[in-house]
Amino acid sequence: MTAALAADSARPATEILAPTGVWEKGQIVRLRETDSGATSYWALGDEFPEGATDAGNGRVVLRECQSVVTESDGRTWINGTLQQEGEKPTKLHRVGQLESLGDDRQSTGPLGPTGFLAAIQQSTAVLWRPLDVKLEPGTSDTEATGTEATVIKLYVPKATHGTRLLRPGEHPTFAGIRSEKLVDKLNFLSLMIALFGGTASLPHILIRYYTVKDASAARKSTIVGIASIGFFYLLTLYIGLGAMTSGAIDVKDSNLAAPLLARSLSEWLFAAVSAIAFTTVLGTVSGLILASTGAITRDLFSLCVKEQVSDAQLVRLAKISAVVVGAVAIALGIGFQGFNVNFLVGWAFSVAASANLPSLIMVLFWKRTTKQGVVASILVGMTCSLLWILLSGDSYSKLYGLSASDAIVPFSQPGIVTIPLGFVVLIAVSLITPRRAEIAKPNA
């Protein structure tokens, strides 16, 4: 294989490094230019991936990875280029390409919504995944010697056929639906419960009902809101697939697909999309902060302070609360910036559903619900869901830098446990505490 790879290599004066140490698995092939000492990394892959109609005949191809190599002395190599002080740093290439369109086509021309999906299904796309490699002391993959360790960050390409790309459960967030492990299936089911139940429980969604004049307007507002959200969810499918085929994706961050796709089309469109995204974030954040400050000043403060306070004091407390809530949110955002937005959205919905959904449903449909039961359900649901998230494998690996296998809880999404727990706590506490009407009745 080594001789064949050397013969196929288009780079002059290139040698293939022996697969030793962490490279013994043979999935990554290292090529070093003998003149400059620059090392490139190539992923072994099938010529025709799963789902393709062509026969690969067992042949494999090499696809070049993108690499960031950091030596113990602080020197950095990006895609085989040593970064020099005072020079413009080398940037990683944008990704998001189709390797083939299928049927030996070179272009498709304009496509409608269904035609676009059909073309994607017949094509082969190149997807990228990060891979961290920690070398043993005394080894190095650059021309420099004498360094004690080298940390390598690789971005590995993999050809994926459209039939598999559009198959449910292929994304890691939803992989549990196709897994044979019970824990993975429970994690997926928990995420789905949180997404369905958490929508009605988000504070900035609930606050919409304070802006309508009557029940009829509330129903209309709900229908319009749900229809708009559903239409947006359909658009995200095309935005994601469009970004995946536009060559505009940042290989280091998958959360910027929409603005980068817009930038690949037009600077003006990029500005418009960025402005819309910014205002949307501000609107959501402002709604959450208003809901939080209202709960602190009107609910929590009234429980702690029994004496009458003026409106000016409440406004001052609301301002202070807004600053504190905003500061905590910023700190959490910095701490969780390494997470994909899918995880964060799922966790936000899980916490909202665990804390608010039992109270919302039981207040509407169970007359025996008491104030103590509602408070206990909210506290238990919120606390348990947050603890579950912080003790999950994703937090261990991405937040604490520990092994995910050391996590205390078996899966990452808490909704399937904490939402029923909220219902149980509400019912139990409500049954052992008297209702307000019973307190008001004189003893017989």
Side-chain angles (χ1 to χ4, degrees), residues 22 24-28 43-53 55-56 58 60 63 117 120-133 154-198 233 236-237 240-241 244 254 338-350 353-354 384-385 387-400 402-421:
V22 295
E24 288 182 351
K25 294 182 179 180
Q27 297 302 314
I28 302 295
L44 282 171
D46 296 330
E47 184 178 13
F48 300 102
E50 178 185 349
T53 57
V60 296
R63 296 179 178 90
L117 292 179
I120 292 293
Q121 191 173 19
Q122 298 172 3
S123 304
T124 299
V126 179
L127 304 183
W128 296 74
R129 62 178 178 87
L131 177 64
D132 293 319
V133 180
L154 294 180
Y155 298 93
V156 182
K158 181 180 180 181
T160 305
H161 195 261
T163 54
R164 183 169 182 177
L165 185 67
L166 298 178
R167 186 170 59 179
E170 288 299 321
H171 192 278
T173 304
F174 308 103
I177 193 176
R178 305 189 64 86
S179 175
E180 297 180 356
K181 297 181 179 179
L182 178 60
V183 171
D184 295 336
K185 292 184 180 294
L186 289 176
N187 189 62
F188 173 78
L189 180 60
S190 181
L191 175 60
M192 293 299 102
I193 293 174
L195 292 179
F196 280 105
Y233 283 167
T236 57
L237 171 64
L241 292 176
M244 186 193 68
S254 60
F339 285 77
N340 187 278
V341 68
N342 291 320
F343 288 110
L344 300 181
V345 169
W347 284 347
F349 277 61
S350 295
S354 302
C384 291
S385 59
L387 286 176
W388 188 288
I389 289 171
L390 294 176
L391 297 177
S392 67
D394 289 322
S395 294
Y396 266 59
S397 61
K398 298 181 180 179
L399 187 61
Y400 311 137
L402 303 175
S403 174
S405 60
D406 297 333
I408 298 177
V409 296
F411 48 86
S412 298
Q413 298 295 337
I416 197 172
V417 176
T418 55
I419 294 175
L421 180 62

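For the numbers below, each heavy atom of this structure counts, side chains included, while hydrogens, waters and symmetry mates do not.
With sequence neighbours excluded, the residues forming a side chain to side chain donor-acceptor pair (under 3.5 Å) with T418 are S354, listed by chain and number. For F196, the ring-ring contact (aromatic ring centres under 6.0 Å, His included) test picks out no residue, with sequence neighbours left out.
Put simply, CD on Q27 and CG on L131 are 10.5 Å apart, with the number rounded to the nearest 0.5 Å. Between the CD1 atom in I120 and the NE2 atom in H161 there is a gap of 11.0 Å [rounded to 0.5 Å]. Here the CZ atom belonging to R63 is positioned 10.0 Å from the CH2 atom belonging to W128, to the nearest 0.5 angstrom. Taking CZ from F411 and CG from L189, the interatomic distance works out to 9.0 Å, rounded to the nearest 0.5 Å. In this structure, CG in N187 is found 9.5 Å from CE in M192, a value given to the nearest 0.5 Å.
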Kindly indicate, with the supporting measurements, whether the criterion side-chain contact (heavy atoms from CB on, under 4.5 Å) is fulfilled by I389 and S395.
CA-CA 7 Å; I389 289 171; S395 294; 4.1 Å; yes
Is there a side-chain contact (heavy atoms from CB on, under 4.5 Å) between L165 and M244 once you walk through the steps?
CA-CA 11 Å; L165 185 67; M244 186 193 68; 3.2 Å; yes
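Closest heavy-atom contact between L390 and Y400: O-OH, 2.8 Å. Of all heavy-atom pairs between P420 and G415, the closest is CD-O, 3.5 Å. The two residues L391 and Y396 come nearest to each other via the heavy atoms O-CE1, 3.7 Å. For A404 against G393, the heavy-atom pair with the smallest separation is CB-O, 3.6 Å. In plain terms, the two heavy atoms of F349 and A194 that are nearest each other are CB-O, 3.5 Å. Taking both residues in full, the closest heavy atoms of W347 and Q413 are given as CD1-OE1, 3.5 Å, listed atom of the first, atom of the second, then distance.
Here the side chain of S179 pairs no donor or acceptor atom with the backbone of K185 at under 3.5 angstrom. Between the S392 side chain and the S412 main chain, no donor and acceptor come within less than 3.5 Å of each other. Distance alone, capped at 3.5 Å, places no donor-acceptor pair between the S385 side chain and the S350 backbone.
Proximity of L241 to L166: side-chain heavy atoms (C-beta onward) are separated by under 4.5 Å at one or more points. In this structure, R178 and D184 have side chains that are not in contact, with every pair of non-hydrogen atoms separated by 4.5 Å or more.
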